[in-house]
Number of protein chains: 2
Amino acid sequence: MFSIGQLSKQTGVKVPTIRYYEQVGLLVSAGRTEGNQRRYDKDGLERLGFIRHARDLGFSIEAISALIDLQQHPDRSCQEATEIAQDQLADVREKLRRLTALETELVRISEGCDGDGSSNDCYVLTSLADHRHCRTEH
Amino acid sequence: MFSIGQLSKQTGVKVPTIRYYEQVGLLVSAGRTEGNQRRYDKDGLERLGFIRHARDLGFSIEAISALIDLQQHPDRSCQEATEIAQDQLADVREKLRRLTALETELVRISEGCDGDGSSNDCYVLTSLADHRHCRTEH
DNA sequence: CTTGAAGCTCTAGTGACTAGAGGTTGTAGA
DNA sequence: TCTACAACCTCTAGTCACTAGAGCTTCAAG
């Protein structure tokens, strides 16, 4: 049996975050000692590991809830799980696309200015003031 | 002179967002009609355009505040503006790095599973349960 | 002069935590 | 067995950048 602090150390999830996950229903309520402190077993450890990993991959709490539901109903097809993962992938790719455009723009903006001179003709500021200078969509 | 709605249309910034920007001090308080409605001039339009563009590029409200300060003190060196832009670029690049790793992982996870079969051996779920399956750091 | 779209302020909600106050419990050492 | 104190508890509020809604007032066209 682990205390919440030990669970935290083993998973790398902060103590208040673990309590938060319980509060929003991601983790089932932990058993308690007589003095009302949470105690976890190996099962709890694994569930939190799953959540941690999914969060690291950018899945939302809502998506993780759905995935945990699926885990607990092994009779259901895993098509749903695959869909959730693919939605997440599409999301990540969209973010990559946007960030790549931003990178291009920021490089252009940063390089135009050597940091000398006064800010009334600063390239960074004039570039931000006028979208028409941009080379990519964003 | 524009109403807040006209300003919104011209810049693509929603009306409540404009009021929010004023509230947090990004936009100086607009002049008002006798009936207490906001009226903007060309200056306000340009300032909001600047904010809009900088937000699109992912700059935080705080960073934009600093940039606007610099605009209003043209005597100060633009080195600070360049630093802010380069910080933002570093930030974007870090996000790109992480998202690229996530993409790799998600492709691997999604492709391992064809959506058939039941979820007790679903590759998506087992992959999420065990970080050791991963090929990249995240 | 009427109507209704557009404006106003204020409060509260979003997601995923994080921080802090103020109190209680568990446990290691004396 | 006692004591000290780290770790635990609950609850509220704050973060960021908005967004939504209630309930009211003003503007402008017909």
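Each chain gets a letter, A, B and so on, in the order its sequence line appears, and its residues count up from 1. A quick note: this is a predicted structure, and the numbers were derived from the prediction, not measured.
Between atom CD of residue B/Glu62 and atom CD1 of residue B/Ile64 there is a gap of 11.0 Å, rounded to the nearest 0.5 Å. Rounded to the nearest 0.5 angstrom, B/Phe59 CZ and A/Leu102 CG are separated by 9.5 Å. Note that the CG atom of A/Leu70 and the SG atom of B/Cys122 stand 7.5 Å from one another [nearest 0.5 Å]. In this structure, OH on B/Tyr21 lies 8.5 Å from CG on B/Leu27, to the nearest 0.5 angstrom.
Minimum interatomic distance between B/Leu57 and B/Gln88 (heavy atoms only, all atoms of both residues): O-NE2, 3.1 Å.
The closest side-chain donor-acceptor pair between B/Tyr40 and B/Arg47, if any, does not fall under 3.5 angstrom.
Rounded to a whole Å, the CG atom of B/Leu26 is 11 Å from the C1' atom of D/dA17. The nearest whole Å value for the distance from the OH atom in A/Tyr20 to the P atom in C/dG15 is 8 Å. Per the geometry, CG belonging to A/Leu27 stands 11 Å off P belonging to C/dC17, to the nearest Å. Residue B/Ile18 contributes atom CD1, which lies 17 Å from atom P of D/dA17 at whole-angstrom precision.
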How would you summarise protein contacts on nucleotides 4-13 of chain C per nucleotide, using B for base, S for sugar-phosphate only and - for none, with heavy-atom distances below 4.0 Å? ---SSB----
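Remark: A/Lys14 is in phosphate contact with C/dT18, judged by side-chain N or O atoms under 4.0 Å from OP1 or OP2.
Using a distance-only test at 3.5 Å, with no hydrogens or angles considered, no donor-acceptor pair links the side chain of B/Glu46 to the main chain of B/Asp43.
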Residues A/Arg38, A/Arg19; criterion side-chain contact (heavy atoms from CB on, under 4.5 Å); working and verdict: CA-CA 10 Å; A/Arg38 290 169 180 84; A/Arg19 288 198 277 249; 3.4 Å; yes
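Taking the six-membered ring where the residue is Trp, B/His53 and A/His131 present perpendicular rings, their angle passing 60° and hence far from 30°.
Under 4.0 Å is where a charged nitrogen must lie from a carboxylate oxygen, and between B/Arg135 and B/Glu105 no such pair does. In summary, B/Arg97 and B/Glu94 engage in a salt bridge, as defined by a charged side-chain N under 4.0 Å from a carboxylate O.
Along DNA chain C, the nucleotide nearest to A/Thr33 and the one nearest to A/Tyr21 differ in position, and the one closer to the 5' end is contacted by A/Tyr21.
Residues from residues 45-58 of chain A lying near DNA chain C, meaning a heavy-atom separation below 4.0 Å, are A/Arg55 in numerical order. For the contact set between residues 91-103 of chain A and DNA chain D, defined by any heavy atom under 4.0 Å, there are no members.
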